[in-house]
Asks: 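Before I ask anything, let me first share the structure, which is written out below as structure tokens.
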Amino acid sequence: MRRKRKPSIIIPAMIVLTIIAGGYFFYHFNSELEIYSRSTSDADVFFTNHIPQPFINSAVNSEPYRSDYKRDDALFFYDTPEGFTMISHSPAWDENMLELLYYELLMNEHGDEINALYEVIVYPYEEEEGVAAAMYSPGTTAVSFFIEFPALPADFTIDFPQDIGSITLFNGDNNTTIESMASSLSHEYGHHYTFYYMFGFGQNEPDSYGHNTDDSDSLADTVYARLRNAEGNNLITSTTPGETYHHYWYRYLIEVAAEDYVQLMGSRTTRQIIDFIDVRQAVGGAEQPEISVRPRNAFPQANMLIPLAGDVPGLNEYYYSFIDASPRVPAEEKQEITLQINRNSTEYHLTSGLRTFVHYSVTWNAPYQNAVYTLVYYDPIGYDGWGVPVRTVRPGQNPSAIIGEYVTQRGNQIVSMDDGITSGRKVFFVVALLPDGSFYLSEKLEFQF
């Protein structure tokens with residue numbers, strides 16, 4: 001039997017948090033290599049029109065929580081030992097797969113808050129508007145206690161409100177592996193964890209950390225907001241996002257908190273690696289792999305303007321203070337990673353005249369043993385979350401990448417491709433993913449092309 005929980009004091013109505021499916025960021029290569037003879041003068045821009053869509057979490061008001069409507073017409077069920085139910089509406093997620101998904105959930109660090117989870121649902125198709133990959137819904141249900149006493153009616157009960165949480169995963173017919181669901185599952189459970197302990201959901205009396213019990217619409221006075229320097233980092237502390245949410249989702253404190261959970265407490269399955277390729281590799285015939293998982297080797301968190309969770313003093317200890325587990329400690333201490341950008345040009349005499357092709361080499365040092373490095377950039381003017389990956393470098397490979405218009409000669413022909421990066425102002429950085437699943441970030445290098 002689940003323990004009695006006090007009603008939520010910050011979120012009086014259910015809030016639905018969704019992850020926008022467009023957040024799988026990579027370039028969809030829909031152009032072929034342009035082969036130039038001596039009579040061809042210009043190269044096609046290869047990447048410019050392939051801006052990745054943001055991976056957004058959206059919080060909106062919803063109808064009152066109903067514990068049964070998502071169970072109608074379900075195909076498969078798996079009842080967990082903790083008491084919550086894994087539910088599937090997708091034929092790809094039968095009882096065996098639901099059990100595996102349950103074990104994946106357990107690989108995320110957890111404590112008593114797991115007893116307040118009500119259900120995990122897998123739907124076969126995308127969310128109705130085609131934007132949500134997953135959803136977390138905090139709500140309240142009634143726990144009834146039957147009391148037998150001669151002076152009372154035979155069916156007399158006392159009802160107590162209990163805070164519960166529901167996780168929904170969409171597109172199960174296409175995301176048919178544990179790996180394809182792991183990051184969304186971890187992020188949504190991060191909402192469950194942070195609402196339960198930090199933001200009032202199931203909150204008991206304040207402890208030495210001063211957990212918030214204020215009945216306001218702002219999380220500005222919480223310990224977490226202070227640790228994350230919400231004001232200094234321009235984070236939004238409201239719990240009832242409005243029209244601005246879809247534009248500034250990455251700045252909402254509730255979303256930053258869920259992403260921090262994945263970094264600090266998420267399962268190893270969330271650390272899957274996508275090998276992004278640069279323009280030189282593309283010219284050489286390499287193909288970008290299909291992206292079916294969240295590439296955290298490029299983006300440990302949605303808001304790359306703020307420090308990584310592991311770099312915030314006291315944050316790791318705070319997350320683990322609620323449960324009986326020790327904080328994860330990286331196997332290697334943080335070391336400095338610096339970037340350099342050098343301009344290179346190559347000239348060819350074409351029938352139309354002399355043509356100069358310009359590309360840039362980005363290099364960095366690799367201080368961590370067996371780490372995977374990924375070069376990323378973002379536009380500091382129009383930043384809307386995440387960024388754009390450039391190249392992933394595995395252990396033993398040269399820590400470098402090529403950007404711009406790269407050209408190579410093959411007999412009496414040249415092959416050229418432009419990634420569209422080298423215009424305007426860009427901010428570059430490298431993410432190092434260590435073998436133990438820890439993340440480190442390089443310095444950020446702002447460059448005007």
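All values reported here derive from a predicted model rather than from experimental measurement.
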Asks: What heavy-atom pair brings Pro435 and Asn370 nearest, and what distance separates the two atoms?
Replies: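 In terms of heavy atoms, the two residues are closest at CG-O, 3.4 Å.
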Asks: Between Phe439 and Asn297, is there a side-chain heavy-atom distance shorter than 4.5 Å?
Replies: no
Asks: Could you check whether Tyr102 and Glu82, counting side-chain N and O atoms only, form a donor-acceptor pair closer than 3.5 Å?
Replies: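 On atom types as modelled, these side chains qualify, holding a pair under 3.5 Å.
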Asks: Drop me the distance from Ile277's CD1 to Thr392's OG1, to the nearest 0.5 angstrom.
Replies: 10.0 Å
Asks: Does any N or O in the side chain of Asp173 come within less than 3.5 Å of the main-chain N or O of Ala92, such that one atom is a donor and the other an acceptor?
Replies: no
Asks: Evaluate the side-chain proximity of Tyr440 to Pro367: yes if any heavy-atom separation is below 4.5 Å, no if none is.
Replies: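 Not touching, per the 4.5 Å side-chain cut-off.
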Asks: List for me each residue that meets ring-ring contact (aromatic ring centres under 6.0 Å, His included) alongside Phe449, sequence neighbours excluded, and say none if there are none.
Replies: Tyr360, Phe447
Asks: Under a 3.5 Å distance rule, please check whether Asp436 uses its side chain to pair with a backbone N or O of Ser438 as donor and acceptor.
Replies: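 The answer is yes, because a donor-acceptor pair under 3.5 Å joins these two groups.
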Asks: With side chains defined as the heavy atoms from C-beta onward, is the minimum distance between Trp364 and Ser442 less than 4.5 Å?
Replies: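 Trp364 does not reach Ser442 side chain to side chain.
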Asks: Just say parallel, tilted or perpendicular for the rings of Tyr261 and Tyr193, cut-offs at 30° and 60°.
Replies: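 The arrangement is tilted - the two ring planes meet at 30° to 60°.
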Asks: So which atom in Val262 and which in Ser186 form the shortest heavy-atom distance, rounded to 0.1 Å?
Replies: CG2-OG, 3.5 Å
Asks: Between Gln281 and Tyr406, does the side chain to side chain donor-acceptor pair (under 3.5 Å) criterion hold? Intermediate values first, please.
Replies: CA-CA 10 Å; Gln281 293 171 291; Tyr406 187 77; over 6 Å; no
Asks: Measuring from Ile306:CD1 to Asp260:CG, what's the distance to the nearest 0.5 Å?
Replies: 6.5 Å
Asks: Excluding sequence neighbours, so at least two apart, what forms salt bridge (Lys or Arg N to Asp or Glu O under 4.0 Å) with Arg328?
Replies: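 Once residues adjacent in sequence are excluded, the partners of Arg328 under the salt bridge (Lys or Arg N to Asp or Glu O under 4.0 Å) criterion are Glu109.
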Asks: In this structure, are over 12 heavy atoms from other groups packed under 6.0 Å from Glu231 atom CD?
Replies: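 Incorrect, the count does not exceed 12.
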Asks: Going by atom types alone, do Asn234 and Arg251 pair a side-chain donor with an acceptor below 3.5 Å?
Replies: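 Yes, a side-chain donor-acceptor pair sits under 3.5 Å.
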Asks: Which pair of non-hydrogen atoms, one from Val372 and one from Pro395, has the smallest distance, and what is that distance?
Replies: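 Shortest heavy-atom separation between Val372 and Pro395 comes out as CG2-CD, 4.2 Å.
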Asks: Going through the distances and angles, do Met198 and Val223 end up as a side-chain contact (heavy atoms from CB on, under 4.5 Å)?
Replies: CA-CA 8 Å; Met198 302 178 188; Val223 172; over 6 Å; no
Asks: Can you see which heavy atom on Glu443 is nearest to which on Thr338, and at what distance?
Replies: OE2-CA, 3.5 Å
Asks: Could you label the plane-to-plane angle of the Tyr368 and Tyr373 rings as parallel, tilted or perpendicular, counting under 30° as parallel and over 60° as perpendicular?
Replies: parallel
Asks: Sub-3.5 Å donor-acceptor pair from the side chain of Tyr383 to the main-chain atoms of Trp386, do we have one?
Replies: yes
Asks: For the side chain of Tyr197 and the backbone of Glu113, is there at least one donor-acceptor N/O pair under 3.5 Å apart?
Replies: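 Between the backbone of Glu113 and the side chain of Tyr197 there is a qualifying donor-acceptor contact (under 3.5 Å).
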Asks: Apply side-chain contact (heavy atoms from CB on, under 4.5 Å) to Phe84 and Leu105, showing your working.
Replies: CA-CA 12 Å; Phe84 62 90; Leu105 176 60; 3.8 Å; yes
Asks: For Ser180 and Thr177, work out which heavy atoms get closest and say how close.
Replies: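 That would be OG-O, 2.7 Å.
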Asks: Can you tell me how far NE2 of His110 sits from NE2 of His192, rounded to the nearest 0.5 angstrom?
Replies: 10.5 Å
Asks: With heavy-atom distances below 4.5 Å as the criterion, would you say the side chains of Arg271 and Leu433 are in contact?
Replies: yes
Asks: For Gln369 and Glu332: C-alpha separation, side-chain torsions, deciding distance, then whether side chain to side chain donor-acceptor pair (under 3.5 Å) applies.
Replies: CA-CA 9 Å; Gln369 290 187 344; Glu332 298 185 52; over 6 Å; no
Asks: Are a donor atom and an acceptor atom from the side chains of Glu119 and Ser166 found within less than 3.5 Å of each other?
Replies: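 A pair is found: one side chain offers a donor N or O, the other an acceptor, under 3.5 Å apart.
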Asks: Could you tell me whether the side chain of Glu259 and the main chain of Ala302 form a donor-acceptor pair under 3.5 Å?
Replies: yes
Asks: Look only at the side chain of Ser267 and the backbone of Met107, and say whether a donor-acceptor pair between them is shorter than 3.5 Å.
Replies: no
Asks: Which residues satisfy the salt bridge (Lys or Arg N to Asp or Glu O under 4.0 Å) test with Asp311, sequence neighbours excluded?
Replies: Lys334
Asks: For His89, run the ring pair (Phe, Tyr, Trp, His ring centres under 6.0 Å) check against Tyr125, Tyr123, Phe170 and tell me which one passes.
Replies: Tyr123
Asks: Please determine whether side-chain contact (heavy atoms from CB on, under 4.5 Å) holds for the pair Tyr189 and Val120, giving the CA-CA distance in whole Å, both sets of side-chain angles, and the decisive distance to 0.1 Å.
Replies: CA-CA 10 Å; Tyr189 195 81; Val120 177; over 6 Å; no
Asks: Is a donor on one side and an acceptor on the other found under 3.5 Å between the side chain of Asn303 and the backbone of Val256?
Replies: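 Side chain of Asn303 to backbone of Val256, a donor-acceptor pair under 3.5 Å: no, none is there.
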Asks: Are more than 12 heavy atoms, taken from residues, nucleotides or ligands other than Asn342, located less than 6.0 Å from that residue's CG atom?
Replies: yes
Asks: Measure from the side-chain N and O atoms of Ser88 to the backbone N and O of Trp93, and report whether any donor-acceptor pair falls under 3.5 Å.
Replies: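 Here the side-chain-to-backbone pair exists.
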Asks: Given 3.5 Å as the limit, does a donor-acceptor pair link the side chain of Thr194 with the main chain of His191, or not?
Replies: yes
Asks: Counting C-beta onward and ignoring hydrogens, is there a side-chain heavy-atom pair between Met97 and Phe76 closer than 4.5 Å?
Replies: no
Asks: Should we say atom CD of Gln340 is surrounded by more than 12 heavy atoms from elsewhere, each under 6.0 Å from it?
Replies: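 Atom CD in Gln340 is not crowded, with 12 or fewer foreign heavy atoms closer than 6.0 Å.
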Asks: With a 4.5 Å heavy-atom cut-off, do His359 and Met417 have their side chains touching?
Replies: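 A side-chain contact under 4.5 Å is absent here.
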Asks: Working to the nearest 0.5 angstrom, can you tell me the gap between Glu255 CD and Tyr250 OH?
Replies: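 Going from CD on Glu255 over to OH on Tyr250, the span is 13.0 Å.
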Asks: Do the side chains of Gln409 and Thr346 get nearer than 4.5 Å, heavy atoms only?
Replies: no
Asks: Out of curiosity, Ile121 CD1 to Ser137 OG, how far, rounded to the nearest 0.5 Å?
Replies: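 Nearest 0.5 Å value for the CD1-OG distance: 7.5 Å.
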Asks: With rounding to the nearest 0.5 Å, note down the distance linking CZ in Phe428 to CD in Glu446.
Replies: 10.5 Å
Asks: Return yes if some donor-acceptor pair links the side-chain N/O of Arg410 with the main-chain N/O of Ile414 below 3.5 Å, else return no.
Replies: no
Asks: Ignoring hydrogens, what is the shortest heavy-atom contact between Ala182 and Thr269? Give both atom names and the distance.
Replies: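 What the structure gives for the nearest pair is CB-CG2, 3.6 Å.
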Asks: Quick one: do the Thr363 and Ser400 side chains pair a donor with an acceptor below 3.5 Å?
Replies: no
Asks: Any side-chain heavy atom of Met181 within less than 4.5 Å of one from Val122?
Replies: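 Met181 reaches Val122 side chain to side chain.
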Asks: Is there a side-chain contact (heavy atoms from CB on, under 4.5 Å) between Thr422 and Val358 once you walk through the steps?
Replies: CA-CA 9 Å; Thr422 55; Val358 177; over 6 Å; no
